[in-house]
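Not measured: the values here are computed from a predicted model. Below, read A as the first sequence line, B as the second, and so on, with proteins coming before strands; counting in each chain starts at 1.
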2 protein chains.
Amino acid sequence: MTPPSGPVRSPDGDGAAGTRVRAARKEIGLTQQGLAAAVQVSRQTIIAMETGDYAPSVYLAIKVAKALRSSVEALWDPEPPGEGLPRAAAAP
Amino acid sequence: MTPPSGPVRSPDGDGAAGTRVRAARKEIGLTQQGLAAAVQVSRQTIIAMETGDYAPSVYLAIKVAKALRSSVEALWDPEPPGEGLPRAAAAP
DNA sequence: GACCAACGTTAAGTCCTCTTGACGTCAAGT
DNA sequence: ACTTGACGTCAAGAGGACTTAACGTTGGTC
């Protein structure tokens with residue numbers, strides 16, 4: 001069975017990252033428009049990011065994490081550190 | 001002038017992230033197929049990531065960074081830490 | 001009431017991230 | 001010579017990340 005293609009998305013699809021982004025944004029007192037301006041995207045993009053199951057490009061995620069004084073892993077990692085050791089990569 | 005839409009990409013478009021991903025992969029002795037299997041994407045995706053100006057989704061980037069025992073910022077941040085303080089976000 | 005800021009939804013369009021399949025090249029081993 | 005593994009390129013297709021524009025709702029102020 002062929003998996004659907006398209007950008008890799010959150011494994012659980014519950015929009016948890018969007019909730020964390022919104023919380024971090026409010027933590028530093030930014031509006032959605034303010035964050036949008038800070039990272040040079042449209043406000044619609046910020047709304048989609050906060051309200052939906054959305055997978056931004058890594059470059060946008062980095063800009064957002066910096067603007068929110070956080071890190072990409074803190075905002076988007078489905079398995080926060082301490083929840084389990086990284087899976088050992090298979091050797092060739 | 002309307003900017004072209006589509007995923008946010010590397011600001012300098014020089015494929016530097018791909019070079020870092022490849023170096024990190026070789027550092028731990030993985031083949032492209034091995035990394036592809038570890039992060040559950042196709043080998044073509046890994047090739048595109050390493051050889052082109054490519055902006056993976058943040059979720060794929062996190063999986064790759066973990067498999068390579070690194071971090072998203074280390075592999076994809078165009079401005080590594082220490083190159084400048086984060087820009088202060090505008091208050092509402 | 002009017003006005004404003006902030007937010008959420010809808011729509012249509014452009015661009016790119018992924019997928020599979022196939023082919024070719026290179027290097028090492030037998 | 002042949003075989004195998006590793007890598008890079010090309011093609012076509014599906015899905016979605018972004019864009020602008022517009023509208024509606026909510027809450028606060030005057």
Value in whole Å for how far the [atom2] atom of [N] lies from [atom1] of [X]:
{"X": "Tyr59(A)", "N": "dA17(D)", "atom1": "OH", "atom2": "P", "answer": "18 Å"}
{"X": "Asp53(B)", "N": "dC15(C)", "atom1": "CG", "atom2": "C1'", "answer": "13 Å"}
{"X": "Arg9(A)", "N": "dG15(D)", "atom1": "CZ", "atom2": "C1'", "answer": "9 Å"}
{"X": "Arg43(B)", "N": "dA22(C)", "atom1": "CZ", "atom2": "P", "answer": "14 Å"}
{"X": "Arg22(A)", "N": "dA6(C)", "atom1": "CZ", "atom2": "C1'", "answer": "11 Å"}
{"X": "Ile47(B)", "N": "dA11(D)", "atom1": "CD1", "atom2": "C1'", "answer": "15 Å"}
{"X": "Lys26(A)", "N": "dC7(C)", "atom1": "NZ", "atom2": "C1'", "answer": "9 Å"}

Candidates [options] - which lies nearest the side chain of [X]:
{"X": "Pro56(A)", "options": "dT9(D), dC7(C), dC18(D)", "result": "dC18(D)"}
{"X": "Gln32(B)", "options": "dT20(C), dT20(D), dG8(D)", "result": "dG8(D)"}
{"X": "Pro7(A)", "options": "dG15(D), dC18(D), dC7(D)", "result": "dG15(D)"}

Checking Arg43(B), Arg25(B), Lys26(B) against Glu50(B) for salt bridge (charged side-chain N to carboxylate O under 4.0 Å, His left out), the one that qualifies is Arg25(B)

**Study point:** Short side-chain N/O contact from Ser57(B) to OP1 or OP2 of dC18(C), under 4.0 Å
**Key:** yes

* Given Val64(A) and Trp76(A), is the side-chain contact (heavy atoms from CB on, under 4.5 Å) satisfied, shown in steps? -> CA-CA 11 Å; Val64(A) 168; Trp76(A) 278 280; 3.8 Å; yes

Ignoring hydrogens and angles, are the base of dG21(C) and the side chain of Gln44(B) linked by a donor-acceptor pair under 3.5 Å?
yes

Discussion item. Counting distance alone, no hydrogens or angles: does the base of dG13(D) have a donor or acceptor under 3.5 Å from a partner atom on the side chain of Ser5(A)?
Written reply: yes

Between Arg22(B) and the options Leu68(B), Leu35(B), Thr51(B), the side chain to side chain contact (heavy atoms under 4.5 Å, CB included) test singles out Thr51(B)

Name the nucleic acid region contacted by Thr45(A), choosing base, sugar-phosphate or nothing; use a 4.0 angstrom heavy-atom cut-off, strictly under. base

